[in-house]
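Residue numbers start at 1 and run along the sequence shown.
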Amino acid sequence: MIVGLDIGTSFIRVVIGDVDENGNVSVAGTSQVKSEGLRNGVIVNIEAAKNAIREAIEQAEQNAGITVSSVFTCLGGMQVSSTDSNGAVAIAKNRGNTREITAQDIDRVIDCARAIKIPIDRQLLHIIPQEFFVDNVSVGINPPIDIMGDRVVVDVHIITSSVSTVQNICSCITRSGYICNNIMLKTLAATQAVVHEDELDLGSIIIDLGAGTTDVIVFIKGAPVCTASLQVAGNLVTSDISIVKGISVANAEKIKIESGCCWRDGIEVDRQVIIPGVGGRAPEATTESEICDIIQPRMTEIFEMARSAVMHNSKIKQLSGNIILTGGGAQMRGVVELAQSV
């Protein structure tokens with residue numbers, strides 16, 4: 001059995017998988033509970049987050065009919081940062097002593113690439129090879145094991161996180177009564193779940209539209225070349241509706257989910273939307289197009305900021321793959337059309 005725990009700003013989700021001898025996973029149980037103790041993807045109340053995590057895992061245990069002892073989890077948000085590095089090692093000690101490259105040589109060159117100064121408040125999450133070179137000739141993303149050569153070079157993408165963030169997540173899981181097996185970048189996990197191999201090779205952008213943060217990762221030739229996180233996300237859309245219409249955040253969230261659209265041209269039938277009254281104020285009627293006029297500018301801003309982050313954090317000039325949207329915000333009507341237009 002393998003257990004995945006997603007500690008999100010809006011929801012905490014758990015999935016339990018049964019792994020067969022071939023490594024295939026079948027889902028045995030899932031659960032979803034409202035998040036507590038989190039703000040913009042960051043744990044701000046250990047006790048509240050711990051209780052929500054325990055409740056989510058216990059529900060998944062009941063659904064799957066098994067007892068969970070340990071989990072894998074993920075993180076994202078502004079506490080994650082990335083950089084590129086490279087390393088090189090000699091294979092042949094003397095000219096003419098060329099030999100086959102071994103797995104140990106690959107480990108040595110990656111260790112060389114990771115030998116960069118990481119601040120004391122940062123923790124290494126991933127070191128991912130982008131491209132290998134043997135004697136100045138590119139051999140792609142796969143380790144060049146058994147290839148003859150004198151020198152191996154590797155370009156890598158290094159992802160780090162705030163030490164305190166990792167410690168808080170591990171503390172919450174431990175206090176819930178479970179073991180944290182490992183933590184990985186959530187957009188990297190999402191990529192493995194939803195992105196086709198051809199999309200990774202051609203060059204694609206994966207945008208995770210969460211409630212507290214919007215996380216972006218870019219792949220070219222099967223390897224990540226850029227990661228970024230934005231503090232604008234679904235909660236700001238809800239807040240805009242709440243402020244403009246003068247209603248509670250809970251009612252604004254309900255309207256966003258049930259009647260929200262972020263692409264005005266996609267509204268074929270302009271249905272009526274009832275805005276609940278507050279205090280002694282009577283309910284009022286509006287339309288989906290008026291709600292869209294509130295939502296679309298904010299969603300446009302999110303995609304424009306994502307585009308700017310990719311351009312700022314990378315040297316990408318052209319991508320031939322797709323834009324892949326995931327997360328709760330990806331369920332909104334018109335989000336695909338809006339992302340394409342931006």
Applying a strict under-4.5 Å side-chain criterion to I, L, V, M, F, W and Y, I'd like to know whether [X] and [Y] cluster together.
X: I206; Y: M78; value: no
X: V342; Y: V237; value: yes
X: L236; Y: W263; value: yes
X: L230; Y: L38; value: no

Side-chain contact test, heavy atoms from C-beta onward, threshold under 4.5 Å: evaluate it for [X] versus [Y] and give yes or no.
X: L319; Y: V218; value: yes
X: F133; Y: D155; value: yes
X: I255; Y: I247; value: yes
X: L188; Y: I128; value: yes
X: S259; Y: R271; value: no
X: T286; Y: K245; value: yes
X: I16; Y: M1; value: yes
X: I323; Y: Q340; value: no

Heavy-atom pair with the smallest gap, counting every atom of [X] and [Y]:
X: L125; Y: I183; value: CD2-O, 4.0 Å
X: T227; Y: N313; value: O-ND2, 4.0 Å
X: V25; Y: G17; value: CG1-CA, 3.7 Å
X: G29; Y: N63; value: CA-CB, 4.2 Å
X: G321; Y: S204; value: CA-OG, 3.6 Å
X: M299; Y: V335; value: CE-CG2, 4.0 Å

| request: For atom CG of D20, decide whether the heavy atoms of other residues, nucleotides or ligands shown that lie under 6.0 angstrom number more than 12. | output: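 Correct, the count exceeds 12.
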Establish, from distance only, whether the side-chain atoms of [X] and [Y] form a donor-acceptor pair under 3.5 Å.
X: S10; Y: S35; result: no
X: D208; Y: T187; result: no
X: Q79; Y: S161; result: no

| message | Donor-acceptor pair, distance only, cut-off 3.5 Å: does the side chain of N182 make one with the backbone of F72? | response |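 Such a contact is absent between N182 side chain and F72 backbone.
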| request: Measure the spacing between CE of M184 and CD of Q192 and express it to the nearest 0.5 Å. | output: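 CD of Q192 is found 4.5 Å from CE of M184.
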| task | To the nearest 0.5 angstrom, please state how far the OG1 atom of T300 sits from the CD1 atom of I295. | result |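 T300 OG1 to I295 CD1: 11.0 Å, rounded to 0.5 Å.
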| field | Members besides V89 in its Ile/Leu/Val/Met/Phe/Trp/Tyr cluster (side-chain heavy atoms under 4.5 Å) | value |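 Grouped by the 4.5 Å side-chain rule, I91, I101, I106, V109, I110, I116, I118, L124, I127, F132, V134, V139, I145, I147, V152, V154, V156, I158 form the rest of the cluster around V89.
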| query | Would H157 and I217 count as a side chain to side chain contact (heavy atoms under 4.5 Å, CB included) if you check the C-alpha gap in whole Å, the side-chain angles of each, and the deciding distance to 0.1 Å? | reply | CA-CA 12 Å; H157 192 64; I217 188 167; over 6 Å; no
| said: What I want to find out is whether D105 reaches R108 closely enough, with some N-O distance under 4.0 Å, to be called a salt bridge. | reply: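 Salt bridge flag = yes for R108 with D105.
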| task | Quickly, which of V33, D6, T73 forms a side-chain contact (heavy atoms from CB on, under 4.5 Å) with I12? Name it, please. | result |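 Answer after filtering V33, D6, T73: V33.
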| Worked check of side chain to side chain contact (heavy atoms under 4.5 Å, CB included) between K221 and Q130 | CA-CA 8 Å; K221 296 179 181 178; Q130 296 173 320; over 6 Å; no
